[in-house]
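What follows is a single structure, written as structure tokens, with notes after it.
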Protein chains: 2
Amino acid sequence: MARATQKRTLETRARLIAAAEAIVAEVGFEALRVEEVVLRAGTAKGTFFVHFKDKDTLMDLIIGPRIDAHLDALQAGPAPRTIEEMTGALMPLCDLMTCERYVFDVILRYSGAAGVAEIGPIASTFGRQIEIFAQWFDDAPFRRDVTADLLAEGVQAFVIQAMAAQFCALHNSQSIRERLEPYLRAWLTPAAGGT
Amino acid sequence: MARATQKRTLETRARLIAAAEAIVAEVGFEALRVEEVVLRAGTAKGTFFVHFKDKDTLMDLIIGPRIDAHLDALQAGPAPRTIEEMTGALMPLCDLMTCERYVFDVILRYSGAAGVAEIGPIASTFGRQIEIFAQWFDDAPFRRDVTADLLAEGVQAFVIQAMAAQFCALHNSQSIRERLEPYLRAWLTPAAGGT
DNA sequence: TAAAAAAGTTGACCACGGTCATTTTTTTTG
DNA sequence: CAAAAAAAATGACCGTGGTCAACTTTTTTA
């Protein structure tokens, strides 16, 4: 049977994460350097990669909980009953995810787990998002011709689309919220149509 | 006034691109190394970066036209009249965009132009996509309560969502097409609802 | 408690994208 | 045509993420 993790290990890991958090607070995610992290944590460079598969994995670990905090807030609050309420509720999450171009890229890259055994913090938050959105739709004044899960996945797709447009000089004259609202209105309260 | 580009320059650039295309054909996009490109092209490493801002820019240049080729085909064909026809028409494009994880990442990163003056090949294709989709909807048996442009942007969002799921071990038991169809059905032929 | 085994750490080293002062080639000027 | 100016190419060098064989510390075994 596997031996218990040593206290020393946990301490080293905690020092590395604390150093990384401090650096992020000071210079942002993109400017974080592994060298700087190990310097502050007082470890060798190799130690970093013993604890984290790569730099992005550490980012996953730092960004994931921040997203989760927003999801906690969403879950604690009431289900939005209008499109305006919904976009309003989603904006803090969008702002976090688009705080840096680099952060948005990491989130997209990590939003899907590479393997079932490797569901990282960010990938988990994407699963949670669907759950939370779907709960909103279980009993809401929106369309009911499709499953709540499908509606939820659509909301996620549109949120991503709206955020991505923010980084495009051709489209960023509109705010994320301005882009998201027509999407969600058309998705959640369609006037019917089609053959 | 600016002097004309030298023939030598165009030749060097052509050699670099040809070398890159050959490498991609042999080992794929992800395994391409700049060192290998310049070795085959018979130039110094620095020359590569005189011609391309960075490695990703070259990728943009190689991937963009391939997407365009598919868009040409879509534009040449008739507008799909059913969801099945639409997903069928879109699949070749999806297969190209997801041929490698790395390719999908590059496409996402370059899908939005960083500046109006820097609209690269891939970013252009995303604009074209919207135009082509919107044309489909100008006269189609789908919902008509929202603009064709909005419908087109939605299709794009759902295509990306379906492709992204393909790289997630949690979801990739379903094919892209199987995921895309319910999305598009719900988006393009809603049964009405909402308040 | 000593020896063996496992866990944890280390830092020199590598891979690879990207830079830039210098050199070579081409074009323009007079 | 030679001299000057501009354009293009060069390759040694750098930054940074990541590896790994050797070393140190902790835990287990007997």
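Only heavy atoms go into these numbers, but all of them, side chains included; no hydrogens, no water, no symmetry mates. Not measured: the values here are computed from a predicted model. Numbers restart at 1 for each chain; the letters A, B, ... are given by sequence-line order, proteins then strands.
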From C/dT26, D/dG17, D/dT10, nucleotide with atom closest to A/Phe49 side chain: D/dG17
Minimum side-chain heavy-atom gap A/Leu32-A/Lys55 below 4.5 Å: yes
Show the nearest heavy-atom pair for residues A/Leu96 and A/His70, with the distance to one decimal. CD2-CD2, 3.4 Å
Without decimals, in angstroms, what is the distance between A/Phe52 CZ and C/dG8 P? 14 Å
Nearest-nucleotide 5' precedence on DNA chain D, A/Gly46 against A/Leu32: A/Leu32
In whole angstrom, give the distance that lies between atom CD of A/Glu35 and atom P of D/dG17. 7 Å
Can you check the B/Arg15 CZ to D/dA8 C1' distance for me, whole Å? 12 Å
Starting at atom NZ of B/Lys45, determine the distance to atom C1' of D/dA9, rounded to an integer number of angstrom. 15 Å
Can you measure A/Leu10 atom CG to D/dT25 atom P for me and round it to whole angstrom units? 19 Å
Side chain proximity check, A/Arg109 to B/Arg101, heavy atoms < 4.5 angstrom: yes
Between C/dA15 atom P and B/Glu30 atom CD, what is the distance in whole Å? 18 Å
Nearest-nucleotide wise, let me know which of B/Val50 and B/Gln6 is further upstream toward the 5' end of DNA chain C. B/Val50
A/Tyr102 side chain reached by A/Met59 side chain, heavy atoms, under 4.5 Å: yes
Once you round it to whole Å, what is the distance between P of D/dA8 and CD of B/Glu11? 13 Å
Students often get this wrong, so: under 4.0 angstrom with heavy atoms, is A/Thr9 touching a base, only sugar-phosphate, or nothing? sugar-phosphate
Starting at the 5' end of DNA chain C and moving along, which residue's nearest nucleotide shows up first, B/Lys7 or B/Asp56? B/Asp56
Between C/dG18, D/dG17, C/dT9, which one does the side chain of A/Lys55 approach most closely? D/dG17
Phosphate-side-chain proximity, B/Thr12 and D/dA8, N/O vs OP1/OP2 below 4.0 Å: no
I want to check something: taking the side chain as every heavy atom from C-beta on, are A/Leu61 and A/Arg13 in contact at a cut-off of under 4.5 Å? yes
Side chain of A/Arg8, heavy atoms from C-beta onward: which of D/dG18, D/dA9, C/dG8 has the nearest atom to it? C/dG8
So does B/Thr43 get a side-chain nitrogen or oxygen closer than 4.0 Å to the phosphate oxygens (OP1/OP2) of D/dA9? no
Taking only side-chain nitrogens and oxygens of A/His51, does any of them come within less than 4.0 Å of OP1 or OP2 of C/dG8? no
Check the distance between D/dT16's P and A/Phe48's CZ and give it to me in whole angstrom. 14 Å
